[in-house]
Amino acid sequence: MTDLTTVLEATGALAGVGGLGYAKVRAPGVYWSLVGLPVTWGRFTVTYRSTMDVCGLTVQPSRLRAFMARNIARREVQPVPPKVRRVRGTSTGLRVSLRLPAGLEPADVAAASERLRHAWGVHSVNVVETKPGVVELRMTGYDVLGRVRMPRRAKAADMVVPVAVRDDGTVFSRDYRQVPHSLTLGANQSGKSMYQRNLVAGLAKLPVGLIGIDCKRGVEHSAYAPRLSALATTPESAAQVLGVLVAEMEHRFDLLSEHHVSDLWALPADVRPVPLVVLVDEVAELFLVAAKKDEERRDRMVMQMVRLAQMARAVGMYLEVCGQRFGSELGKGATMLRAQLTGRVVHRVNDKQTAEMGLGDVSPDAVMAATAIPADRPGVAVAGDSSGGWSRVRTPETTPAEAAAVCREYAHLTPHPSFLASFRPVLPADPAPAEAPSLVKPQPVTE
């Protein structure tokens with residue numbers, strides 16, 4: 001009986017170990033919650049002071065503190081590490097809030113993030129300054145970008161659209177009121193279209209007007225037709241749409257002046273025009289021309305986009321520009337337009353110069369991170385803005401059929417302003433239902 005009990009206990013232990021091994025590979029979130037979080041929390045608690053000392057994140061104590069240690073506590077004076085204010089476990093990692101002593105700055109902690117990652121055995125450590133003198137270590141216990149799942153609480157609202165997950169487990173959102181215009185770059189098969197599908201699916205749920213400019217004959221944006229207020233599929237129609245948008249921008253500025261306000265959102269709700277988001281699928285198609293006679297139209301379009309990027313934020317008109325490359329080689333006005341696109345999202349690119357186009361004015365480290373994105377991880381990108389902050393993100397996989405289904409579901413939210421009436425996309429007719437076969441047996445034909 002004892003031998004049988006021993007065998008059963010051993011079998012149960014092996015099954016438990018095997019189950020944990022399976023969870024570590026197939027369900028890393030479950031493994032982290034059961035095993036990784038307690039182990040990492042304990043390792044952090046035990047080794048915190050020594051790790052900070054080895055990583056050079058300690059300072060000499062003040063004279064008063066040194067005097068108290070030598071003469072009252074009768075112990076050796078030791079360097080002072082940052083004070084731990086709070087430790088909090090999450091479903092993806094560990095959050096530690098630190099109060100920095102005099103002599104340390106957030107950049108010092110960020111420079112040691114790789115050493116901290118190896119010391120505590122976590123997947124990554126990101127350092128975020130929450131307020132002066134306080135930083136937060138955002139540790140992730142596993143690769144959250146390996147299998148992306150948006151949190152259920154991430155919902156589009158108030159011109160904020162969640163589109164991806166950062167490598168620290170937080171949600172990356174497009175906040176149009178904070179970052180009105182954005183540039184998205186990426187090579188073929190890099191996940192750029194998947195990013196745009198997630199963005200359109202989120203915008204479709206908001207009371208905004210979507211305007212598509214897809215000069216590849218609408219191969220990308222035609223699927224979103226039920227939710228688009230306007231669609232331009234050729235450079236000629238794109239030039240007309242941009243001209244109408246500039247005229248509408250000037251009309252909205254007149255409206256702001258009448259009500260003595262400087263922002264669309266300060267207008268009364270009953271007179272406030274609907275916000276508009278302009279989606280440009282391949283911006284190079286607007287710049288490149290095949291004949292000299294088209295250069296005048298190109299220059300006019302570029303200047304209209306520059307005007308929209310410079311002033312349209314105040315009147316609730318926003319630009320989402322996508323392309324494979326974007327630089328001065330596209331022609332006059334390209335650099336001026338890029339400077340107005342505050343948000344930057346760069347997927348895998350074919351050369352370092354393309355990454356520098358999008359992220360060179362954000363951070364040199366962001367450029368290196370973009371060039372290191374592997375080809376077998378589509379959807380991974382580096383997102384940054386002109387403030388210098390950046391992070392790795394990845395969009396969840398969304399098929400064109402899923403994005404189109406969302407646009408059809410929320411087609412009732414599509415505004416139809418009169419100034420865009422001539423550019424409304426033609427919706428495909430619903431196929432007629434097939435006639436069901438008759439269950440009545442036909443009578444035989446007789447003479």
Side-chain angles (χ1 to χ4, degrees), residues 130-131 153-163 170-184 198-213 224 227-230 241-280 303-321 336-345 362 383-389 410-421 423-424:
T130 56
K131 60 181 181 180
R153 65 180 182 275
K155 303 293 184 182
D158 299 328
M159 298 304 297
V160 179
V161 182
V163 289
T170 59
V171 176
F172 170 73
S173 300
R174 276 290 288 119
D175 188 344
Y176 286 92
R177 298 182 66 174
Q178 294 294 327
V179 183
H181 312 303
S182 179
L183 173 64
T184 303
N198 279 274
L199 182 63
V200 170
L203 286 170
K205 303 173 184 179
L206 300 178
V208 300
L210 303 182
I211 301 170
I213 298 180
Y224 315 139
R227 191 57 185 84
L228 296 180
S229 298
V241 168
L242 290 173
V244 169
L245 290 175
V246 170
E248 171 64 14
M249 178 184 68
E250 295 173 350
H251 171 71
R252 293 189 177 194
F253 273 115
D254 293 338
L255 183 63
L256 297 183
S257 179
E258 291 175 7
H259 289 80
H260 306 288
V261 296
S262 60
D263 189 85
L264 176 87
W265 304 101
L267 288 172
D270 56 339
V271 299
R272 183 188 306 153
V274 64
L276 300 176
V277 179
V278 183
L279 305 166
V280 182
M303 289 301 104
Q304 288 168 341
M305 291 188 66
V306 170
R307 290 193 65 191
L308 290 172
Q310 286 179 336
M311 301 187 297
R313 176 209 61 82
V315 294
M317 301 169 70
Y318 311 103
L319 293 179
E320 280 289 341
V321 179
M336 186 184 304
L337 175 60
R338 185 184 61 182
Q340 301 296 327
L341 305 176
T342 310
R344 306 293 174 83
V345 178
V362 172
D385 55 53
S386 59
S387 67
Y410 292 91
H412 62 281
L413 296 179
T414 305
H416 297 292
S418 58
F419 63 91
L420 293 175
F423 305 104
R424 292 173 187 166

Discussion item. With a 3.5 Å distance limit and no angle check, can you tell me whether Arg313 reaches the backbone of Pro180 through a side-chain donor-acceptor pair?
Written reply: no
Worksheet item: Are any side-chain N or O atoms of Asp158 and backbone N or O atoms of Val160, one a donor and one an acceptor, separated by less than 3.5 Å?
Response: no
Response to the item:
So CG of Leu206 and CG of Leu413: to nearest 0.5 Å the spacing works out to 8.5 Å
Discussion item. Would you compute the distance between atom CG of Leu203 and atom CZ of Arg174 and round it to the nearest 0.5 angstrom?
Written reply: 8.5 Å
Worksheet item: How long is the span from the OG atom in Ser229 to the NE2 atom in His416, to the nearest 0.5 Å?
Response: 6.5 Å
Worksheet item: Between Arg227 and Leu210, is there a donor-acceptor pair closer than 3.5 Å when you use the side chain of the first and the backbone of the second?
Response: no
Worksheet item: If you draw a 6.0 Å radius around NE2 in His251, do more than 12 non-hydrogen atoms from other residues or ligands fall strictly inside?
Response: no
Discussion item. Nearest 0.5 Å, please: how far is CZ in Arg272 from CG in Leu255?
Written reply: 11.0 Å
Discussion item. Exactly one of Leu242, Leu319, Val280, Leu245 should register a side chain to side chain contact (heavy atoms under 4.5 Å, CB included) with Ile211. Which one does?
Written reply: Leu245
Practice prompt. Carefully, step by step, assess Val208 and Tyr176 under the rule side-chain contact (heavy atoms from CB on, under 4.5 Å).
Written response: CA-CA 11 Å; Val208 300; Tyr176 286 92; over 6 Å; no
Worksheet item: For the atom pair CE (Met249) and CG (Asp254), what is the distance rounded to the nearest 0.5 Å?
Response: 11.0 Å
Discussion item. To the closest 0.5 Å, what do you measure between CE (Met303) and CD (Gln310)?
Written reply: 9.0 Å
